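Report on one structure; see the data block that follows.
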Amino acid sequence: MDKTQYTNLAKAWEFTEEHARELEPDTIADARAAADQAGQLQGPAAQARLLGLLVQLTGASSVIAVGTGSLVETLQLMHALNGAGQLTAVDSSAQGIMLIRKAFTALQDVTDTSLRAVNAPTSVFLPRLNAHDYDLIVVAGDPENYASTFAQASRLLREHGAIVFTDVLALASEQGGVLNAADRSDKTVAMRELIATVEQDEGFTSTLTPDGTGMLIAVKQ
């Protein structure tokens with residue numbers, strides 16, 4: 001791949017992101033602005049839309065969103081449930097849960113999707129959930145969210161359920177994230193370990209994709 005192709009890939013990312021922003025419903029665009037203003041910068045719009053599409057492709061009716069301030073992705077998952085099912089949002093930050101609950105309150109008159117929003121560490125809350133009750137799990141945020149959630153994924157997911165890890169390339173790292181072999185920051189190290197763990201788990205089939213800020217998608221066998 002030559003320099004022109006790399007440049008075109010960067011332009012393609014920018015184009016698809018701008019296009020996704022244009023397609024965001026007002027409720028999600030307003031939530032993004034509110035979160036950014038509160039200091040909780042949100043992930044790419046194109047990534048959130050892809051997560052919503054995965055809800056529809058898998059026919060998911062029961063979804064878990066694990067994240068630290070990932071408001072836009074949580075709302076996009078709720079939007080994709082199309083007024084039905086249940087969304088469980090787990091956020092270790094009190095501010096993140098407050099924003100999710102506030103946004104959901106504004107949508108209550110137009111959706112029958114039920115929300116369970118919990119301010120707790122994943123390692124504490126997820127083991128309390130019923131086994132084989134969930135179709136899709138989406139993970140974002142702090143490094144500790146990832147390994148602790150995957151440790152529960154096989155138990156929580158139904159057969160052929162999926163787990164999606166976002167930001168697995170840790171591109172927000174000042175040292176370049178997973179792309180830089182010399183980067184030993186906490187998030188980068190955690191993502192390298194996660195990728196290896198998931199890919200080696202024979203109970204899942206997985207793929208790593210550069211969409212958004214890097215996504216690792218694994219389907220339970």
Side-chain angles (χ1 to χ4, degrees), residues 12-119 122 134-142 145-146 149 162-169 171-172 209-217:
W13 192 100
E14 183 178 6
F15 175 84
T16 55
E17 179 62 15
E18 290 178 354
H19 184 64
R21 290 286 186 104
E22 293 171 357
L23 295 175
E24 277 187 338
D26 290 342
T27 51
I28 294 181
D30 292 344
R32 177 186 293 279
D36 287 349
Q37 189 173 14
Q40 294 194 325
L41 300 181
Q42 299 299 291
Q47 176 175 280
R49 288 184 64 84
L50 177 55
L51 292 174
L53 181 62
L54 287 175
V55 171
Q56 297 181 355
L57 286 173
T58 60
S61 62
S62 186
V63 178
I64 301 174
V66 174
T68 307
S70 55
L71 175 63
V72 167
E73 291 180 358
T74 302
L75 290 179
Q76 193 68 259
L77 292 169
M78 184 182 299
H79 182 73
L81 284 167
N82 199 26
Q86 175 178 283
L87 177 64
T88 299
V90 187
D91 199 314
S92 57
S93 75
Q95 186 180 41
I97 285 295
M98 179 192 70
L99 289 171
I100 289 169
R101 287 173 176 161
K102 182 177 179 180
F104 182 75
T105 298
L107 295 171
Q108 281 184 320
D109 292 338
V110 296
T111 182
D112 289 326
T113 299
S114 61
L115 172 71
R116 173 170 50 185
V118 181
N119 175 208
T122 55
Y134 301 91
D135 305 299
L136 178 67
I137 303 173
V138 177
V139 188
D142 294 338
N145 289 347
Y146 294 79
T149 301
I163 182 166
V164 182
F165 302 94
T166 67
D167 197 30
V168 293
L169 297 181
L171 296 181
T209 167
D211 291 284
T213 51
M215 297 173 68
L216 178 62
I217 305 171

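Small disclaimer: the values here were computed from a predicted structure and weren't measured.
- The heavy-atom pair separating Leu71 from Ala103 by the smallest distance is CD1-CB, 4.2 Å.
- Two residues are said to be in side-chain contact when any heavy atoms from C-beta on lie closer than 4.5 Å; Glu73 and Thr166 meet this criterion.
- Smallest separation of non-hydrogen atoms from Leu171 and Asp167: N-OD1, 3.9 Å.
- Interatomic distance, Thr122 OG1 to Ile137 CD1, rounded to the nearest 0.5 Å: 10.5 Å.
- Of the possible polar contacts, none joining the Asp112 side chain to the Ala84 backbone as a donor-acceptor pair under 3.5 Å is found.
- Val55 and Ala80 get closest at one heavy-atom pair: CB-CB, 3.7 Å.
- A pairwise comparison of heavy atoms in Ala60 and Leu81 identifies O-CD2, 3.5 Å as the closest pair.
- Formation of a donor-acceptor pair under 3.5 Å by the Gln76 side chain with backbone atoms of Leu51 is not found in this model.
- To the nearest 0.5 angstrom, Gln95 atom CD is 5.5 Å from Leu99 atom CG.
- Contact check for Leu75 versus Thr27: no side-chain heavy atoms found under the 4.5 Å cut-off.
- Considering only heavy atoms from C-beta on, Thr88 comes within 4.5 Å of Tyr134 through its side chain.
- Remark: Thr149 pairs with no residue by the side-chain hydrogen bond (donor to acceptor under 3.5 Å, both in side chains) rule, at least two apart or across chains.
- Sequence neighbours left out, the pairs with a member in residues 19-30 that pass salt bridge (charged side-chain N to carboxylate O under 4.0 Å, His left out) are Glu17-Arg21, Glu24-Arg32.
- Residues Leu77 and Ala65 come closest through the heavy atom pair CD1-CB, 3.9 Å.
- Remark: Met215 CE to Leu50 CG distance equals 4.5 Å, nearest 0.5 Å.
- A pairwise comparison of heavy atoms in Ala20 and Arg49 identifies CB-CD, 3.7 Å as the closest pair.
- The CD1 atom of Ile217 sits 11.0 Å away from the CZ atom of Phe165 when rounded to the nearest 0.5 Å.
- In this structure, the side chains of Leu107 and Leu115 stay at 4.5 Å or more apart for every pair of heavy atoms.
- With values rounded to the nearest 0.5 angstrom, Gln42 atom CD is found 8.0 Å from Thr74 atom OG1.
- Other residues, nucleotides and ligands place no more than 12 heavy atoms under 6.0 Å from the CG atom of Asn82.
- With values rounded to the nearest 0.5 angstrom, Met78 atom CE is found 5.0 Å from Leu87 atom CG.
- Without hydrogens or angle criteria, Asn119 side chain to Ser92 main chain gives a donor-acceptor distance under 3.5 Å.
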